[in-house]
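All figures in this text were calculated on a predicted structure; none of them were measured in a lab.
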Amino acid sequence: MPLPTIIADHFGTTARCQMVFFYDLKPSQNNIIDLLRSLGLSHSEAQIAQRIGHLETLKESAQNLCISYETARSSLKKVFSKLNINTQNELVSLVTKLSFIR
């Protein structure tokens, strides 16, 4: 699923958006999870994406969320599919950019 137009505009992927306002440079984790959910992720997928996006390993994320490594791996695959991305680096980039949107 491609990113919604408004999000893509804020990322500078189209010429329609000329300004981005940064008024909260440290949003809470829940706000990032809410933004990820608005992109079509379930709550658990958003939690995994948020943790990976903040540079936790998949193993650390699984331990912190009290789920098995295989469950976390399966969720990450779904995240990649739903966000139309292929690597953890792309996910880190997306979560970093979402951190500046509120």
Side-chain angles (χ1 to χ4, degrees):
M1 174 169 90
L3 295 174
T5 303
I6 189 71
I7 300 294
D9 284 347
H10 281 70
F11 292 160
T13 59
T14 66
R16 293 190 330 223
C17 182
Q18 300 300 317
M19 285 197 222
V20 177
F21 296 96
F22 299 105
Y23 56 89
D24 183 4
L25 297 179
K26 292 187 178 182
S28 71
Q29 290 180 356
N30 286 337
N31 290 333
I32 294 171
I33 290 173
D34 290 341
L35 287 170
L36 288 165
R37 292 195 69 200
S38 72
L39 296 176
L41 302 183
S42 70
H43 183 72
S44 59
E45 291 165 350
Q47 286 180 313
I48 288 286
Q50 181 265 329
R51 289 179 174 278
I52 297 295
H54 285 119
L55 304 178
E56 278 189 12
T57 66
L58 190 56
K59 185 176 180 180
E60 291 170 338
S61 298
Q63 289 174 343
N64 290 332
L65 294 171
C66 300
I67 59 175
S68 72
Y69 175 80
E70 288 303 317
T71 300
R73 190 170 168 260
S74 175
S75 292
L76 187 59
K77 285 182 182 182
K78 290 178 187 175
V79 167
F80 285 179
S81 175
K82 287 181 178 181
L83 297 178
N84 197 27
I85 58 176
N86 298 312
T87 66
Q88 288 187 14
N89 285 339
E90 290 176 292
L91 182 58
V92 169
S93 176
L94 175 65
V95 170
T96 300
K97 291 172 183 176
L98 288 174
S99 296
F100 292 105
I101 298 173
R102 186 170 159 111

Could you pull out all residues at least two apart from S44 that satisfy side-chain hydrogen bond (donor to acceptor under 3.5 Å, both in side chains)? S42
Partners meeting side-chain hydrogen bond (donor to acceptor under 3.5 Å, both in side chains) with E90 (sequence neighbours left out): T87
Just grab all the salt bridge (Lys or Arg N to Asp or Glu O under 4.0 Å) pairs involving residues 35-45, residues at least two apart or on different chains. E45-K82
Any pair counted as salt bridge (Lys or Arg N to Asp or Glu O under 4.0 Å), so long as it reaches residues 52-66, sequence neighbours left out: R51-E56
Which atom names give the shortest non-hydrogen contact between I32 and S99, and what distance separates them? CD1-OG, 3.5 Å
Honestly curious: do Y69 and L65 fall in one hydrophobic cluster under the side-chain, below-4.5 Å linking rule? yes
Do V92 and L35 belong together in a cluster built from hydrophobic side chains that touch within less than 4.5 Å? no
Could you give the distance from [atom1] ([X]) to [atom2] ([Y]), rounded to the nearest 0.5 Å?
| X | Y | atom1 | atom2 | answer |
| --- | --- | --- | --- | --- |
| I33 | I48 | CD1 | CD1 | 10.5 Å |
| S61 | H54 | OG | NE2 | 11.5 Å |
| T96 | L55 | OG1 | CG | 7.0 Å |
| L91 | S93 | CG | OG | 9.0 Å |

Check: residues 71-80 side-chain donor-acceptor pairs under 3.5 Å, at least two apart:
{"unit_1": "T71", "atom_1": "OG1", "unit_2": "S68", "atom_2": "OG", "d": "2.8"}
{"unit_1": "S75", "atom_1": "OG", "unit_2": "T71", "atom_2": "O", "d": "3.1"}

Check: L83 and L41 side chains under 4.5 Å, non-hydrogen atoms: yes
